[in-house]
Amino acid sequence: MTDEHAERFTRLRPLLFTIAYEITGTATEADDVLQDGYLRWAEVDLAEVTDTKAYLARLITRQALNALRAQSRRREEYVGPWLPEPLLIDAADAAHDVVLAESVSMAMMVVLETLGPDERAVFVLREVFGFDHAEIADAIGKSPAAVRQIAHRAREHVHARRRRYEPVDPEASLRLTTQFFATAATGDIDGLMTMLAPDVVWTADSDGKASAARRPVVGADRVARVVAGLVRLGGPDGRAEPAMYNGLPALVLYLGDTLEGVVVLEIVDGRIANFYAMRNPEKLAGVTVARTIAR
């Protein structure tokens, strides 16, 4: 590994991490992909590299696809819903880039989970990072014509399933989030329902390793009761700290000093439309580490 290898990789690391996260859906997996990619990059003759960004994006995409395919096999035995790992974004990386902000939003990440591995990689590389069909073809081992078809199919699939993206007002969103959970602590179900969309959905990822609903809970009354019950379950030792994950308001749940979960909220037209609750302890290990993203 030369200084030149290290400098080029480090300069592009935020972009490479973002590619790996959006393809795999987990920050810890993305870290592993980058570590493996860095070791492979160290063996490359730089004299043969004409475009460092394209070369490294191709390398990381291949490794991320391998990781995603291995992950897909594990999901066959997963208990309950599988959610992307919540991503704590360093500073305001996505604040002035709407495409980047939407691409890592929890709503988009959940939609990406419904794509096959090749479709997901093609969509991310084309729609988010703007790589051309030939560059993507080289990364995933398909012809440019096949990539063009995959891109069209993936784009239609995503557009049919995602909500209209609304840039988030962090202060207003966190105020609503804090108010909602303060109300939950009082057990005021009617008060909670005024802050929820009628068709609100609560989705929890636990893999059976923590107490959580194993199917999505739908409807304001049912979701209000789930949240009030969760807050009650924490008792006097429970606390919720406001945060921003995936560019959305969130609460980090603690029982004493133990991190118990991260709940990300999607707010639409001033009401909470989705709760994404990460309760699987194995997927909480890296959630307090801030990541730098770019495209």
message: A side-chain contact here means heavy atoms from C-beta on lying under 4.5 Å apart; do Leu65 and Asp118 qualify?
response: yes
task: Verify whether the ring centers belonging to Phe123 and Phe129 lie closer than 6.0 Å.
output: no
query: Heavy-atom distance under 4.5 Å between the side chains of Thr61 and Leu125, does that happen here?
result: yes
message: Quick test of your reading of the model: are Arg58 and Glu135 salt-bridged, counting only N-O distances below 4.0 Å?
response: no
field: Asp207 side chain to Val79 backbone, donor-acceptor under 3.5 Å
entry: yes
query: Is there a donor-acceptor pair closer than 3.5 Å between any side-chain N or O of Asn246 and the backbone N or O of Val104?
result: yes
field: Short side-chain to backbone donor-acceptor contact, Arg239 and Gly256, under 3.5 Å
entry: yes
task: May I ask you to check whether Gln71 and Arg75 show a side-chain donor-acceptor distance below 3.5 Å?
output: yes
query: Can you tell me if Thr10 uses its side chain to pair, donor with acceptor, with the backbone of Glu7 under 3.5 Å?
result: no
message: Under a 3.5 Å distance rule, please check whether Thr24 uses its side chain to pair with a backbone N or O of Thr26 as donor and acceptor.
response: yes
- prompt: Okay, side chain of Thr18, backbone of Ala294: is any donor-acceptor separation there less than 3.5 Å?
  reply: yes
- line: So ring-ring contact (aromatic ring centres under 6.0 Å, His included) across residues 239-261, not counting sequence neighbours, yields none
message: Using the rule that Ile, Leu, Val, Met, Phe, Trp and Tyr join whenever any side-chain heavy atoms are under 4.5 Å apart, tell me whether Trp82 and Tyr276 fall into a single cluster.
response: no
- prompt: Between His159 and Arg162, is any side-chain donor less than 3.5 angstrom from a side-chain acceptor?
  reply: yes
task: May I ask you to decide if Gly116's main-chain N or O and Glu119's side chain share a donor-acceptor pair within less than 3.5 Å?
output: yes
- prompt: Can any side-chain N or O of Asp132 pair as donor or acceptor with the backbone N or O of Ala134 at less than 3.5 Å?
  reply: yes
query: Should Arg126 and Phe131 count as side-chain neighbours, where that means a heavy-atom distance under 4.5 Å?
result: no
message: Could you go through Arg279 and Glu260, starting from their C-alpha distance and side-chain angles, then the distance that decides it, and tell me whether this counts as salt bridge (charged side-chain N to carboxylate O under 4.0 Å, His left out)?
response: CA-CA 6 Å; Arg279 299 278 287 129; Glu260 290 289 328; 3.5 Å; yes
message: Determine whether a donor-acceptor pair (N or O, by modelled atom type, separation under 3.5 Å) exists between the side chain of Asp188 and the backbone of Thr183.
response: no
field: Mutual orientation of the aromatic rings belonging to Trp202 and Phe275 [parallel < 30°, tilted 30-60°, perpendicular > 60°]
entry: tilted
message: I want to know whether Trp41 and Tyr55 have ring centres closer than 6.0 Å.
response: yes
field: Lys/Arg N to Asp/Glu carboxylate O, Arg120 vs Glu22, below 4.0 Å
entry: no
query: Does Arg291 reach the side chain of Tyr21, with side-chain heavy atoms less than 4.5 Å apart?
result: no
message: If only side-chain N and O atoms count, and only distance matters, is there a donor-acceptor pair under 3.5 Å linking His157 with Arg161?
response: yes
- request: Measure across Val252 and Ala243 and return the closest heavy-atom pair with its distance rounded to 0.1 Å.
  value: CG2-CB, 4.0 Å
